[in-house]
Amino acid sequence: MTDEEIQTNCKQIYHFIHYELSEWIDSNIFNQNTFEELGKLYYQHILNQLDFACNDLINRVVEVDAVRTYAFDKQEDYYVALCEILNLKAVPSKIFPFVQQKFNTIYVQLYNQVQQNYIAEINKINNQLHACKQQSDSIKQATPSFSFNRDLSSDEDVLLNTYSNCNALRTRKEMLEFGRNYVDAKLSEFCDLDDPQKISDTLYLKTLDLCKESMTPNADFLFSPYKSYLDLFQDDIVRPHLIFYKIKVYTIIDNAQDYYRKLCCTKDDNEAVLEYKNYLSKIPSFDRLNQQKNTSPSDYNDALMNIISDYNLIHELKENINNSVTLRHRKTLLFKAISLYEEKEYDLFNNFIPIQIEGAFADFLTDATTFVRFTHMDIYANAVLKDKIKLLEDHNCDIYPEAIEYFKFYFNNLIRNRIAHGKYNISSDAISLEASIFAHELLLDLCTLVHMIIRRCETEKMFRFVHEYKTYYGRFAKGDENFVFEPLLEDMIGGKTTFTFDTIEKYRPLQIAYWLLNPYYEKIYSQVADVSELLSLRSDFLSKDFWEFVLKRLDQIVSEGWDYMFISNEFLSVVNGMFKCNISSDTKKILGKVHAKLVKIKAFH
């Protein structure tokens with residue numbers, strides 16, 4: 001075998017180790033008790049899959065690629081080194097039993113317990129609905145009486161109360177059904193729970209992932225999100241008021257998490273946790289708030305006012321509305337509504353703001369489907385509130401699940417419909433206690449909705465992306481006038497992940513290109529900020545210098561041939577679209593070369 005043949009074969013073995021062996025799942029992996037045994041199994045798999053492979057060639061690759069220096073006195077040293085190349089820090093056979101046990105605890109025992117509680121609660125609600133129907137039927141089907149002395153008010157009161165109870169019970173049932181469907185959907189993200197083989201394969205895969213993260217992998221951490229879903233749903237079943245109050249303070253909780261993340265950069269964990277808890281300490285427990293609402297309305301009213309005051313929520317709400325891209329056309333109306341609240345015109349506020357909340361959901365839907373409209377034009381003009389929220393779910397707009405459960409069911413059925421059909425009783429006392437409480441609750445609802453819109457809407461993300469781009473990367477420029485080239489390339493290959501206190505997301509290269517180049521987004525940007533920020537970044541993106549920079553990087557990838565897997569296929573679509581943009585002929589020539597390189601790289605897959 002010539003040196004060139006040896007080098008070619010070693011490259012293929014290297015590629016196999018990093019891109020195929022690292023993903024190999026087999027039950028035999030979990031029967032090996034040491035790294036020596038495991039490495040020997042991996043060697044055998046390479047030999048079985050690559051006809052040209054032999055121990056000597058594999059050893060050559062392992063010796064060069066070894067994470068740390070080995071004496072390599074015996075073959076077992078190569079086996080251990082291969083396991084380290086695969087980033088294994090723990091032997092999978094020692095971790096798998098804990099993963100399997102934790103899966104059974106969460107997905108079998110806890111799930112069955114929550115399921116039983118859910119069924120019991122639904123049955124209880126059905127029985128109550130049946131009793132309500134019997135009560136209303138007994139009045140409606142009673143023998144008619146035409147007595148001059150008959151007072152209808154008592155029967156009317158019973159019927160109205162029965163209708164109100166039925167509406168509340170049906171709403172509660174809808175909320176629980178949503179909660180159950182949501183939890184089932186989140187649990188099924190782990191794997192296909194109806195397929196035992198898929199469960200087994202997923203447990204194997206998750207075990208390997210854990211073994212690559214730590215020498216002492218924590219199975220609890222792996223399953224903690226799924227346990228949280230079940231625990232929260234269990235709490236929702238037991239405490240019907242949970243979602244109602246969580247929506248009221250969602251903004252505060254999010255702000256606390258953002259505050260905690262920043263504290264962790266400057267203080268030790270104990271200090272950060274203490275300040276985080278202190279920040280939230282002014283919020284009464286949900287159980288206490290619910291008790292006050294039912295037994296001491298005056299204290300409950302004071303508690304809501306204190307929450308709004310202690311966390312300066314009116315000021316934050318005004319700031320959020322003023323800075324919102326999505327709500328830019330609703331800003332004036334919302335500010336008028338807040339003025340009504342501040343002037344204690346609660347009855348007017350209470351009749352006005354639920355309709356504006358529905359309008360804000362319409363703005364949310366229109367905004368969240370902006371990019372979709374380039375391929376599927378629809379503005380859903382006739383959708384009612386429930387439909388709007390369902391469409392937001394269908395379009396995966398990352399709407400808070402608690403917000404879906406609250407606004408789609410409780411708010412729609414018990415607040416929005418009540419207002420829209422004129423069933424809100426305007427008190428003769430303009431600042432009655434009931435009106436005051438209702439106003440505080442609605443204001444807190446609005447705070448959460450506006451906060452969610454700012455965090456989740458596409459044009460909000462577009463604005464943050466463009467507005468902060470040069471400022472953020474300029475801090476690391478060190479005199480380089482082309483400092484945005486590297487991050488722009490990372491955006492185009494899909495290699496950048498954006499972390500915030502509440503999200504981890506990757507923006508699609510094609511979507512970013514639309515943000516930078518499309519006149520529709522430019523028009524939106526110009527309505528809320530100085531469009532020169534966008535135009536400046538666009539100029540960099542369209543420049544010949546940037547695409548020469550890209551071409552140079554792609555040349556390196558082709559020559560080295562190792563990280564092409566990380567380039568998004570959408571980058572080629574972006575380049576194809578660029579030829580129709582207003583760019584110079586010299587830039588088009590460079591784009592042609594970039595296109596050719598990307599086609600070549602695509603063929604590697």
Side-chain angles (χ1 to χ4, degrees), residues 11-50 53 58-59 61-70 72 75-107 189-192 197-228 493-497 499 504-506 561-567 605:
K11 281 186 176 180
Q12 292 186 53
I13 291 171
Y14 172 91
H15 185 279
F16 184 85
I17 289 172
H18 284 275
Y19 295 109
E20 297 185 46
L21 186 63
S22 61
E23 302 298 323
W24 180 46
I25 301 293
D26 189 274
S27 60
N28 287 325
I29 293 172
F30 303 88
N31 295 326
Q32 314 306 313
N33 296 318
T34 65
F35 282 125
E36 288 86 351
E37 293 177 4
L38 185 59
K40 185 176 181 180
L41 178 68
Y42 281 132
Y43 259 68
Q44 189 58 51
H45 184 63
I46 298 172
L47 295 171
N48 292 341
Q49 296 298 310
L50 301 178
I58 301 173
N59 287 350
V61 175
V62 169
E63 193 166 345
V64 171
D65 201 32
V67 178
R68 56 191 172 94
T69 304
Y70 280 86
F72 292 111
Q75 183 60 41
E76 286 74 15
D77 293 334
Y78 290 95
Y79 295 153
V80 174
L82 178 56
C83 290
E84 289 196 0
I85 290 171
L86 294 172
N87 203 30
L88 289 168
K89 299 177 178 64
V91 179
S93 64
K94 296 182 179 359
I95 307 305
F96 181 71
F98 297 102
V99 173
Q100 198 168 38
Q101 184 270 332
K102 184 57 65 174
F103 175 85
N104 289 334
T105 299
I106 303 299
Y107 275 83
E189 289 178 0
F190 186 80
C191 67
D192 182 354
Q197 187 58 52
K198 290 285 180 61
I199 293 174
S200 180
D201 289 346
T202 303
L203 292 178
Y204 284 152
L205 177 62
K206 296 298 184 182
T207 299
L208 284 175
D209 289 342
L210 285 174
C211 290
K212 292 175 182 178
E213 292 174 2
S214 170
M215 296 177 66
T216 56
N218 186 353
D220 288 341
F221 180 77
L222 171 63
F223 289 98
S224 62
Y226 308 105
K227 184 177 185 301
S228 294
I493 67 175
K496 190 189 295 181
T497 302
F499 296 88
I504 300 174
E505 58 187 332
K506 296 171 80 74
W562 65 274
D563 61 353
Y564 65 86
M565 297 284 287
F566 303 104
I567 297 180
H605 286 266

Exercise. After noting the C-alpha distance and the side-chain angles of N59 and Q75, does the key distance pass the side-chain hydrogen bond (donor to acceptor under 3.5 Å, both in side chains) rule?
Worked result: CA-CA 8 Å; N59 287 350; Q75 183 60 41; 3.0 Å; yes

For this session: Would you name the heavy atoms of C211 and I95 that are closest together and state the gap between them?
Result: SG-CG1, 3.7 Å

For this session: With rounding to the nearest 0.5 Å, note down the distance linking CD1 in I106 to CD in Q101.
Result: 9.0 Å

Seminar exercise, completed: In terms of heavy-atom contacts, A90 and S214 come closest through CB-O, 3.9 Å

Exercise. Are any side-chain N or O atoms of E84 and backbone N or O atoms of V80, one a donor and one an acceptor, separated by less than 3.5 Å?
Worked result: no

Problem set entry | Distance in Å, E23 CD paired with L205 CG, rounded so as to fall on 0.5 Å steps | 7.5 Å

Problem set entry | Test item: I17 and D65 side chains (from C-beta on) under 4.5 Å apart, heavy atoms | no

Problem set entry | Non-hydrogen side-chain atoms of F16 and V61 separated by less than 4.5 Å | no

For this session: Go through the steps to decide whether F103 and L203 satisfy the test side-chain contact (heavy atoms from CB on, under 4.5 Å), and finish with yes or no.
Result: CA-CA 8 Å; F103 175 85; L203 292 178; 3.9 Å; yes

For this session: Start with the C-alpha gap between I85 and Y42, add the side-chain angles, then the distance that decides, and say whether side-chain contact (heavy atoms from CB on, under 4.5 Å) holds.
Result: CA-CA 12 Å; I85 290 171; Y42 281 132; over 6 Å; no

Exercise. Q197 and D201: side-chain donor and acceptor closer than 3.5 Å?
Worked result: yes

For this session: Hey, can you tell me if H18 and Y14 have their rings parallel, tilted or perpendicular (30° and 60° cut-offs)?
Result: tilted

For this session: Would you check if F223 and V99 make a side-chain contact, meaning some heavy-atom pair closer than 4.5 Å?
Result: yes

Seminar exercise, completed: Rounded to the nearest 0.5 Å, the NE2 atom of H45 sits from the CG atom of N28 at a distance of 11.0 Å

For this session: Output the distance between atom CZ (F30) and atom OG (S200), rounded to the nearest 0.5 Å.
Result: 8.5 Å

Problem set entry | Step-by-step side-chain hydrogen bond (donor to acceptor under 3.5 Å, both in side chains) determination, N48 to Q44 | CA-CA 6 Å; N48 292 341; Q44 189 58 51; 3.0 Å; yes

Exercise. When the ring planes of F190 and Y226 are compared, do they come out parallel, tilted or perpendicular, using 30° and 60° as the limits?
Worked result: perpendicular

Problem set entry | N33 vs V91 side-chain heavy atoms within contact, under 4.5 Å | no

For this session: State which residues pass ring pair (Phe, Tyr, Trp, His ring centres under 6.0 Å) with F72; sequence neighbours excluded, sorted by chain then number.
Result: Y70, Y78

For this session: Using the test side chain to side chain contact (heavy atoms under 4.5 Å, CB included), find all partners of K40 that sit at least two apart in sequence or belong to another chain.
Result: Y79

Exercise. Atom CD in E189, atom OG1 in T202: separation rounded to 0.5 Å?
Worked result: 12.5 Å

Problem set entry | Candidate pair L208 and L86, rule side-chain contact (heavy atoms from CB on, under 4.5 Å), full reasoning | CA-CA 10 Å; L208 284 175; L86 294 172; over 6 Å; no

Exercise. Under 4.5 Å between any side-chain heavy atoms of F98 and T207, yes or no?
Worked result: no

Problem set entry | Polar contact flag, side-chain donor to acceptor under 3.5 angstrom, N104-Q100 | no

Seminar exercise, completed: CG of D77 to CD of E63, rounded to nearest 0.5 Å, is 10.0 Å

For this session: Dump the intermediate steps for side-chain contact (heavy atoms from CB on, under 4.5 Å) on Y43 and V62, then the final yes or no.
Result: CA-CA 11 Å; Y43 259 68; V62 169; 3.7 Å; yes

For this session: Taking the side chain as every heavy atom from C-beta outward, state whether N218 and L210 have any atom pair closer than 4.5 Å.
Result: no

For this session: Return each pair, listed once, that meets salt bridge (Lys or Arg N to Asp or Glu O under 4.0 Å) where at least one residue sits in residues 206-220; pairs must be two or more places apart or across chains.
Result: K102-D220

For this session: Answer yes or no: does atom NZ of K506 have more than 12 heavy-atom neighbours from other residues, nucleotides or ligands under 6.0 Å?
Result: yes

Exercise. Side-chain contact, heavy-atom cut-off 4.5 Å: E37 with N31?
Worked result: no

Problem set entry | Minimum side-chain heavy-atom gap L41-W24 below 4.5 Å | yes

